[in-house]
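In what follows, a structure is listed as structure tokens, so that the remarks can point back to it.
These numbers come from the heavy atoms of this one structure, side chains and all, not from hydrogens, waters or symmetry mates.
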Amino acid sequence: MTEPIAYLNGQIVPVSQAALSVFDLGLVSGVAVTEMARTFRHVLFQLDKHLDRLAHSLDVLKLDPKCSRTELEALCHRIVDENVKWIPANHDLGLILFVTAGQNLTYIGRTPESPVRTPSVCVHTFPLPFELWAETYEAGLHLVTPSVRSIPDAIIDSRIKHRSRLHWYLADLEVKKSDPSAMALLTDDEGYLTETATGNLCVVEGNTIVTPESHVLKGVSRDFVAELATTLGLTFGHTRLTAEDLARGGEAFLTSTPHCLLPVTRFNGQPVGSGRPGPVFQRLLKAWGERVGVDVAAQMQAGAGERLKPA
């Protein structure tokens, strides 16, 4: 191969040739479930937890990928083992696994010549775009609550990681009118904080970390932070959080697979805590790095410079 590879519907192909049909329900209706894992030092991190969550999503949508969990796991490792050859030794990969509901019957019909509507399954990787987050470890994020609300669990179970993302797109369009660098933090129908498009929210008061308890994805990174918090003598809990809770919190941060932890330093135009990344965030980020053998922020900052360097 002269480029990275991907798996699509039973075949290993060059990633540039991994193309879905325009009839696929993942494109037509957004009927697709997905997971993203990442590597540290070219080794996949917590893949089993991501496959656990994928299994739940597949079960709710009654999708059968025609691949066993063992086969999917092996495919993930195979794709990563091949594709790390295309990145520098000190960089890492994001891995995407998604399953769609197959092709749209309105477009393909039920004639004898029509393809059988079976789920599409894809596994691919991409080099982590360090430059998107490198400066944030020191500057922090600005979160803004838009008028767009979270989708209630009665409509779509928030435990499903899916690709129906239009409401997130609209939310970010709205908040960027006031601050182009801002990220939308959605509230539910009762006004309680939920999550961003890419991560779970955590708010810190003293030695206690709290995170929204409902209408949020069960984050793999969030759960890992809860584990790290215990080892550091911190308390981690789930509760309903209001905008006032975040505004008066000592510090806040997001958890997410590609960047692990990012500090939240502004909320709705006002500083959070000191307006700088807080000490609990720093302790957790250090503990995370020690567990995976990578200084996360340093990797992001060095890798960003390398990726942005003119060829």
Side-chain angles (χ1 to χ4, degrees), residues 30-36 46 49-62 141 143-172 174-175 182-230 234-257 259-264 267-268 272 280-281 284:
V31 185
V33 296
T34 186
E35 282 296 325
M36 177 185 172
Q46 294 204 319
K49 302 292 179 61
H50 288 284
L51 292 176
D52 286 344
R53 193 168 61 184
L54 179 68
H56 172 77
S57 299
L58 291 171
D59 181 61
V60 173
L61 271 66
K62 306 305 178 189
L141 292 167
L143 300 185
V144 174
T145 50
S147 61
V148 177
R149 297 296 179 91
S150 294
I151 297 175
D153 281 5
I155 297 176
I156 300 178
D157 184 343
S158 59
R159 294 173 298 173
I160 302 170
K161 188 171 176 64
H162 56 86
R163 287 196 161 176
S164 302
R165 314 297 287 175
L166 182 58
H167 66 300
W168 287 115
Y169 186 83
L170 293 172
D172 277 326
E174 180 181 330
V175 303
M183 180 181 293
L185 172 64
L186 270 56
T187 57
D188 64 19
D189 286 342
E190 297 181 78
Y192 291 102
L193 301 176
T194 62
E195 59 191 345
T196 72
T198 59
N200 291 108
L201 171 70
C202 293
V203 176
V204 181
E205 274 292 358
N207 289 324
T208 299
I209 304 167
V210 290
T211 190
E213 65 179 356
S214 58
H215 305 298
V216 297
L217 185 69
K218 187 178 185 298
V220 172
S221 297
R222 183 199 66 181
D223 289 351
F224 185 61
V225 165
E227 179 184 332
L228 292 176
T230 300
L234 303 168
T235 300
F236 191 97
H238 303 76
T239 189
R240 286 185 164 190
L241 286 171
T242 66
E244 291 73 23
D245 293 328
L246 175 52
R248 64 171 177 259
E251 59 179 292
F253 56 86
L254 295 183
T255 65
S256 188
T257 291
H259 49 65
C260 309
L261 299 169
L262 287 180
V264 175
F267 175 57
N268 286 340
V272 174
V280 170
F281 164 78
L284 287 167

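Listed here is the closest heavy atom pair of Lys161 and Met36: CE-N, 4.2 Å. The two residues Asp189 and Pro152 make their nearest non-hydrogen contact at OD2-CG, 3.6 Å. Summarising the geometry of Asp223 relative to Lys218, their closest heavy-atom pair is OD2-NZ, 2.6 Å, with the distance given to 0.1 Å. Across all their heavy atoms, Ala182 and Val175 have their closest contact at O-CG2, 4.0 Å. Contact between Leu246 and Leu193 at its shortest, heavy atoms only, is CB-CD1, 3.8 Å. Closest approach of Phe253 to Pro263, counting heavy atoms only: CB-CA, 4.0 Å.
Atom CG of Asp59 is separated from atom CG of Leu54 by 11.0 Å, given to the nearest 0.5 angstrom. The structure places OG of Ser214 at 11.0 Å from NE2 of His238, a figure rounded to the nearest 0.5 Å. Taken to the nearest 0.5 Å, the CZ atom of Arg222 stands 5.5 Å off from the OG1 atom of Thr211. Atom-to-atom distance recorded for Leu141:CG and His259:NE2 is 7.0 Å, nearest 0.5 angstrom. Here Asp157 contributes atom CG and Leu217 contributes atom CG; the two are 9.5 Å apart, rounded to the nearest 0.5 Å. In this structure, CD1 in Ile156 is found 13.5 Å from NE2 in His215, a value given to the nearest 0.5 Å.
Using a 3.5 Å distance cut-off with no hydrogens or angles, the side chains of Ser158 and Asp153 do pair a donor with an acceptor.
A 4.5 Å side-chain heavy-atom check between Val148 and Trp168 finds every atom pair outside the cut-off. Within the 4.5 Å cutoff, no side-chain heavy atoms of Val204 are placed close to those of Phe281. Side-chain contact between Leu201 and Glu195 is absent, with no heavy-atom pair separated by less than 4.5 Å. Counting heavy atoms from C-beta on, the side chains of Val60 and Val33 never come closer than 4.5 Å. Annotation: side chain of Phe224 is not in contact with side chain of Cys260 (no heavy-atom distance under 4.5 Å). Tyr192 places a side-chain heavy atom less than 4.5 Å from the side chain of Thr242.
Test Leu185, Thr196, Leu143, Val203 against Val264 for side chain to side chain contact (heavy atoms under 4.5 Å, CB included) and you get one pass: Leu143.
Side chain of His162 to backbone of Val31: no donor-acceptor contact under 3.5 angstrom is found. Remark: side-chain polar atoms of Asp172 are paired, donor with acceptor, to backbone N or O of Ala184 under 3.5 angstrom. Counting only distance, with no hydrogens or angles, the side chain of Thr145 and the backbone of Leu186 share no donor-acceptor pair below 3.5 Å. The backbone N or O of Thr255 lies less than 3.5 Å from no partner atom in the side chain of Asn200, so there is not a single donor-acceptor pair.
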